[in-house]
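Structure, as structure tokens:
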Amino acid sequence: MVIPQHVAIIMDGNGRWAKKQNKPRSYGHLIGTDNVRNIAIKADELGVKVLTLYAFSTENWKRPKDEIDYLMSLPAVFIDKFLKELMERNIRIETIGDISALPVNTLNVIRRAMEKTGSNDGMVLVLALNYGGRSDIVQAVNEVIKAGNVTSISEQDISENISTRNYPDVDLMIRTSLDYRISNFLLWQLSYSELVFVDCYWPEFDEKRFLAAVEEYSSRQRRFGGLL
Ligand code: V0D
């Protein structure tokens, strides 16, 4: 099997999953948080090097305040429950997106987790938080301009200044919940990625389904490798 080095996931459908069983949206988000742990561990076991998860988009600020407040409590929930396990597995936590706009409590929890896991050199678990793909590109262009004396900008300039500059290219992008959109997730980075859309909600996306998505990726690589 060909293992993707970098997998990115749009974890969609938590609210709809909860509604389906007459539970509040927050319940879906909470179970979705446990699933982040399950999929991260499966990815690590398969030998994935970087797992990037779309946890909060720049558009998510438009949601009701109560829901935003609840979402902002989830990093602490996740870290309290699973930091020990991440340390045992040598997994490092990093983020992309403008985390400076997050509530200060949330920000402190995330910073502490990044410090504690900072010297782990196994899989990197990247949380995209207050992330938008267009703003990532704009930010990279502005970095290049700031470096001075710019008359033109190359693809390499942008690749070297975009948020994911230290990670390998995204090999596989998975979106749950059967929406066939990129929704301002990694735009630059998905240029050559395989896209797999899965017909279940994020809380239902288990290890078996993750493995199936990796197998689909692997079979596409084999076909491409054989030029057939
Ligand atoms: C809700 C489903 C883990 C999608 C997953 C602040 C939306 C659960 C984190 C997390 C969220 C963040 C930082 C960190 C460790 C874990 C998370 C948010 C939402 C938005 F260092 N799950 N999760 N963050 N959801």
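In each ligand, atom 1 is the first atom listed, and ligand 1 is the first ligand listed.
- Between the choices F78, F82, Y54, the shortest heavy-atom distance to atom 15 (C) of ligand 1 belongs to F78.
- Counting heavy atoms closer than 4.0 Å to ligand 1, residue A113 contributes nothing at all.
- Protein heavy atom in closest approach to atom 2 (C) of ligand 1: N14 ND2, 3.3 Å.
- Given atom 11 (C) of ligand 1, the protein heavy atom at minimum distance is L74 CD1, 3.8 Å.
- Heavy-atom contacts of W202 reach the following atoms of ligand 1: 2 (C) (cutoff under 4.0 Å).
- Checked for salt-bridge contact, D206 and K42 miss the test: no charged N lies under 4.0 Å from a carboxylate O.
- Looking only at heavy atoms of the protein, atom 9 (C) of ligand 1 is closest to L127 CD1, 4.2 Å.
- Annotation: atom 6 (C) of ligand 1 to nearest protein heavy atom, L71 O, 3.4 Å.
- Remark: K65 does not engage E67 in a salt bridge, criterion side-chain N to carboxylate O under 4.0 Å.
- With respect to E215 and R220, no salt bridge is recorded, no charged nitrogen being found less than 4.0 Å from a carboxylate O.
- Interface atoms of ligand 1 facing G32, defined by a heavy-atom separation under 4.0 Å, are 5 (C), 8 (C).
- Residues N35 and F205 approach most closely at ND2-O, 2.8 Å, considering heavy atoms.
- A donor-acceptor contact shorter than 3.5 Å is absent between the side chain of N120 and the backbone of G122.
- The distance from ligand 1 to the heavy atoms of A55 drops below 4.0 Å at these ligand atoms: 7 (C), 17 (C), 18 (C), 19 (C), 20 (C), 24 (N).
- Judged purely by distance below 3.5 Å, without hydrogens or angles, the side chains of R165 and S159 never pair a donor atom with an acceptor atom.
- Salt-bridge annotation for R175 and D12: present, with a side-chain N of the basic residue lying under 4.0 Å from a carboxylate O of the acidic one.
- Shown in contact with I93 at under 4.0 Å from a heavy atom are these atoms of ligand 1, numbered in order with element: 21 (F).
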